[in-house]
Novice: 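Provided herewith is a single structure, encoded as structure tokens, for subsequent inquiry.
Because the structure is predicted, anything quoted here is derived from the model rather than measured. Remember, it's 1-based here, ligands and their atoms both numbered in the order they're listed.
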Amino acid sequence: SKEKRALYIIFGATGDLASRKLYPALYRLYSKGYLKEHFAVIGTARREWSDEYYQNIVKEAVDSISDSEADAEAFSSHFRYQSHNVNDSEHYHTLKNLADSLDTKYDIQGNRIFYLSMSPNFFGTITKHLRDQKLVTENGFNRVIIEKPFGTDFESSQHLNNEINDSFDENQLYRIDHYLGKEMVQTILALRFSNRLIKESWNSDSLSSIQVTLSEDLGVEERGGYYDKSGALRDMVQNHILQIVSLLTMDEPDSYTTENVRKEKLAVLKSLKRPNVAEDFVRGQYSFSDNGNLKAYRDEEKVSADSMTETYVAGKVTVDTDKWRDVPIYIRTGKRMKEKTSRVDVLWKKTDQQIFDEGDSILTIHISPDEGIELQLNDKKIGPGMEIQPVSLEAMRSKEMLKARPEAYEKLLLDVLNGDETHFAHWGEVAASWKYVDFIREAWNKDLENIPFYTACSMGPKEADDLLAKDNQKWLYNP
Ligand code: BG6
């Protein structure tokens with residue numbers, strides 16, 4: 001049977017992420033039979049909640065997706081709540097007793113998944129206590145899921161990693177980058193390595209540029225406190241964008257195993273060329289919208305009135321290997337842009353001879369909200385003569401397919417149950433990404449006066465267009 005045994009202990013169970021993503025994802029694993037009788041969840045946080053109250057929160061979180069009320073009820077009956085002070089050894093003692101009794105009750109056989117979904121400041125304390133207070137079992141697996149942000153720069157992330165490594169080995173750690181759980185991000189390797197057509201021309205002889213866009217229409221919403229210290233570079237580039245870049249440019253692994261995939265991703269991330277920041281990177285901050293309906297970033301809650309934090313980044317990334325040096329990889333991400341879209345556009349060079357008046361050949365990987373692939377090619381226009389016209393071959397996932405396909409968190413949580421680390425960020429990748437991002441951050445910190453503003457609901461500052469124009473390129477996606 002596909003049923004797995006696991007006891008989850010969630011640190012940060014009262015948080016927004018838990019209700020929005022974790023409980024629904026666990027429910028989906030439950031309704032598909034991966035979790036059934038032999039699982040339990042202990043939610044912890046500082047707040048005083050009763051089991052009943054917690055179970056109601058869980059029920060509400062899965063309300064819109066549950067098969068029936070009875071089902072949601074049965075699912076939530078596996079949840080317990082413990083008010084917990086992460087620094088208090090006594091509390092871990094209580095937690096251990098509760099964990100052991102649930103383990104017996106549901107015959108879980110020692111499998112434990114510790115989910116750290118709170119400030120990284122506490123990760124060291126928590127993991128140490130888990131080990132010292134013997135919440136780590138001898139008879140089953142012990143895995144730790146870690147939510148972002150994994151530090152705020154290389155140094156802090158290394159410190160964090162060392163602390164965690166005192167109690168858990170790298171192969172027990174599952175650092176979540178939810179983009180790696182998205183179907184269309186996983187599709188990148190499938191497209192690249194199972195199509196000779198694409199594989200053979202995925203190089204600097206053939207490609208003109210690669211463009212990664214992760215644009216958001218929302219502003220910082222209620223996360224101003226976190227975001228104003230972070231900014232777009234740390235929030236989106238260090239993790240999601242660089243992970244996507246590594247998948248787009250890594251060499252073909254010897255075989256599709258965690259170890260081989262990680263090896264190739266790491267090689268790329270270590271080869272990122274330190275950019276000329278002033279030339280190659282653009283930051284921006286949103287100001288109010290033209291119609292005045294949307295506030296400027298500086299007027300958002302918990303954001304300082306003279307904030308220099310970037311809510312937008314565009315840049316030219318270079319992978320400094322013979323294979324990639326000559327292919328610019330343009331990236332951009334921002335809050336309060338025109339549309340919420342995640343996509344990759346790959347532009348081929350024109351043919352050497354150009355005997356026809358050819359247009360662009362472009363592969364677009366739509367990550368979200370649309371999902372699918374689109375290939376723009378040159379076709380002959382019907383009729384006399386040899387007039388060329390663009391044609392678009394599309395394989396977009398239908399509404400029904402999107403409804404049925406697993407969501408990123410569901411896929412990633414199933415991977416954790418299976419002990420598959422392929423779609424999680426390895427320490428080496430995280431370290432290399434931080435070093436690259438720190439380099440840009442340091443350059444920007446030396447010049448805090450010159451942050452360009454962009455109108456809310458636009459595609460970013462004009463400087464981002466200039467960046468490509470210098471190379472005779474332009475953003476292929478331009479809503
Ligand atoms: C998170 C960032 O990692 O990703 C958020 O912290 C951002 O600021 C989010 O909104 C975007 O994810 P998605 O899946 O909605 O594109």
Novice: Under a 4.0 Å threshold between the charged nitrogen and the carboxylate oxygen, would R175 count as salt-bridged to E170?
Specialist: yes
Novice: Taking 4.0 angstrom as the limit and counting only heavy atoms of K335, give me the atoms of ligand 1 inside it, by number and element.
Specialist: 5 (C), 7 (C), 8 (O), 10 (O)
Novice: Crowded around F288 CZ? As in, over 12 foreign heavy atoms under 6.0 Å?
Specialist: no
Novice: Would one find an N or O of K340, backbone or side chain, under 3.5 Å from an N or O of ligand 1?
Specialist: yes
Novice: Heavy-atom distance under 4.5 Å between the side chains of K128 and D166, does that happen here?
Specialist: no
Novice: For Y8 and F114, I'd like to know if the aromatic rings sit close, meaning centre-to-centre distance below 6.0 Å.
Specialist: no
Novice: Heavy atom under 4.0 Å from ligand 1: found in Y179's side chain, backbone, both, or neither?
Specialist: side chain
Novice: So which heavy atom in the protein is nearest atom 12 (O) of ligand 1, and how far is it from that ligand atom?
Specialist: H178 NE2, 3.1 Å
Novice: Any N/O of E216 closer than 3.5 Å to an N/O of ligand 1?
Specialist: yes
Novice: At what distance is the nearest protein heavy atom to atom 3 (O) of ligand 1, and which residue and atom is it?
Specialist: H240 NE2, 2.7 Å
Novice: I want to know if ligand 1 touches N239 in the polar sense, i.e. an N/O pair below 3.5 angstrom.
Specialist: no
Novice: Considering distance alone, does some N or O of D235 sit under 3.5 Å from an N or O of ligand 1?
Specialist: yes
Novice: Just wondering, do I146 and Y174 contact through their side chains at under 4.5 Å, heavy atoms?
Specialist: no
Novice: Please name the pair of heavy atoms, one in K182 and one in S368, separated by the smallest distance, quoted to 0.1 Å.
Specialist: NZ-OG, 4.4 Å
Novice: Starting from atom 14 (O) of ligand 1, what is the nearest protein heavy atom, named by residue and atom, and what distance separates them?
Specialist: K182 NZ, 2.6 Å
Novice: Using a distance-only test with no angle check, is there a side-chain donor-acceptor pair under 3.5 angstrom linking E300 and Y286?
Specialist: yes
Novice: Report, in ascending order of atom number, the atoms of ligand 1 lying under 4.0 Å from any heavy atom of K148.
Specialist: 1 (C), 2 (C), 3 (O), 6 (O)
